[in-house]
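Sequential numbering from 1 along the given sequence is applied to the chain's residues. Here the structure is a predicted model, which means the values were calculated and not measured.
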Amino acid sequence: MEGDCLSCMKYLMFLFNFFIFLGGACLLGLGIWVIVDPTGFREIVAANPLLFTGAYIMLAMGAMLFLLGFLGCCGAIRENKCLLLFFFMFILLIFLAELSAAILAFIFRENLTREFFTKELKKHYQRNNDTDVFSSTWNSVMITFACCGVNGPEDFEAVPHLPYSSMEKVTPEACCQRELQSREGMFVNKEACLAGIERFQNRQGCYTVILNSFETYVYLAGALAIGVLAIELFAMIFAMCLFRGIQ
């Protein structure tokens, strides 16, 4: 009976990891295709910083799942204790990293308030100075999401002007409407925007825009995270049971 149970567990673990292996291979292949695709799709992705970052995240996840599935399959079907132990340690590290990230996100959730971002923007933002990482990041966010400041253009009334740009307007260029939401996109009417004409400005604050963009995915991401943690926990239990059952 013990042998039948061990055999069943072995093949279940192999099947489980085979699907992980296939999923990782698909993500890896798709990520590589998006990044090196010569047909022009790469230019579309590169024009959007979020899509471009997402492609690399997809590539990293695909590689990790590919390796994880391969180790699990080989360790289960060959009853290799060394591979099973490595598989267990690999999943344990991922599990602990995800758990730590969740705990840190809960602890520092108060730092993600509207007031916090408004204070940081007014303190560190240097308008069109793209040599400054903070300002460049904010400009990219405002251009990508077609938004302005945390609450709106009024956030920049308290932002000091650059010393070499005495004629600089209150509203930064990143808040001006563009035909295409990227740094290469042409302005609808830059002069009118900087002159304060509202219909040529992005008036909505980035906090609201980004929150609305991701609100529909929050519960899905939470359920998915719980599901992934549960799967990883069961995978570790299966791997250790199989490890202990192999003579």
Side-chain angles (χ1 to χ4, degrees), residues 1-39 41-42 45-46 48-109 111-112 133 214 217-247:
M1 187 66 183
E2 187 179 339
D4 293 337
C5 184
L6 186 66
S7 180
C8 179
M9 189 176 293
K10 179 178 77 172
Y11 287 111
L12 277 174
M13 187 172 173
F14 173 82
L15 189 64
F16 171 76
N17 283 284
F18 181 69
F19 284 118
I20 292 178
F21 176 80
L22 286 180
C26 289
L27 280 177
L28 192 60
L30 189 60
I32 292 172
W33 177 73
V34 166
I35 291 169
V36 303
D37 172 50
T39 61
F41 187 71
R42 183 179 184 275
V45 173
N48 190 319
L50 290 178
L51 290 177
F52 194 67
T53 304
Y56 279 100
I57 291 173
M58 183 168 59
L59 191 67
M61 286 182 63
M64 185 181 68
L65 290 174
F66 182 86
L67 178 62
L68 195 62
F70 178 78
L71 288 172
C73 283
C74 290
I77 206 69
R78 297 182 63 181
E79 297 186 5
N80 188 308
K81 297 184 78 171
C82 183
L83 284 177
L84 284 172
L85 186 60
F86 192 74
F87 172 82
F88 174 84
M89 294 301 295
F90 193 23
I91 288 195
L92 181 62
L93 286 174
I94 295 170
F95 181 84
L96 291 175
E98 290 171 347
L99 200 59
S100 300
I103 293 170
L104 287 173
F106 180 78
I107 292 172
F108 294 107
R109 69 190 185 282
N111 289 343
L112 301 178
V133 176
F214 291 103
Y217 302 104
V218 169
Y219 295 109
L220 180 62
L224 187 63
I226 292 171
V228 167
L229 287 172
I231 289 170
E232 288 172 352
L233 190 60
F234 280 112
M236 285 190 289
I237 293 170
F238 269 48
M240 194 46 61
C241 289
L242 195 57
F243 178 85
R244 288 173 61 86
I246 295 172
Q247 300 300 323

Undergrad: What is the distance from atom CZ of Phe87 to atom SG of Cys82, rounded to the nearest 0.5 Å?
TA: 14.0 Å
Undergrad: Show the numbers, then the answer: is there a side chain to side chain contact (heavy atoms under 4.5 Å, CB included) between Phe18 and Leu22?
TA: CA-CA 6 Å; Phe18 181 69; Leu22 286 180; 3.4 Å; yes
Undergrad: Once you round to the nearest 0.5 Å, how far does CG of Leu96 lie from CD1 of Ile91?
TA: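 CD1 of Ile91 is found 12.0 Å from CG of Leu96.
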Undergrad: I need the minimum non-hydrogen distance between Cys73 and Asn17, along with the two atoms involved.
TA: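 Reported closest heavy-atom pair: SG-C, 3.5 Å.
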Undergrad: Identify the heavy atoms of Phe21 and Phe66 that sit nearest to each other, and give their distance.
TA: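 So the minimum-distance heavy-atom pair works out to CE1-CE1, 3.3 Å.
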Undergrad: Just verifying a value: how many Å separate Leu71 CG and Leu85 CG, rounded to the nearest 0.5 Å?
TA: 11.0 Å
Undergrad: Surrounding CZ of Phe95 (heavy atoms of other residues, nucleotides or ligands, distance under 6.0 Å), is the total greater than 12?
TA: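 Yes, the 6.0 Å shell around CZ holds more than 12 heavy atoms from other groups.
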Undergrad: How many angstroms lie between CZ in Arg78 and CZ in Phe14, if you round to the nearest 0.5 Å?
TA: 12.5 Å
Undergrad: Just wondering, more than 12 heavy atoms not from Phe90 lying within 6.0 Å of its CZ?
TA: yes
Undergrad: Between Leu83 and Cys74, what is the shortest heavy-atom contact and its length?
TA: CD1-CB, 3.6 Å
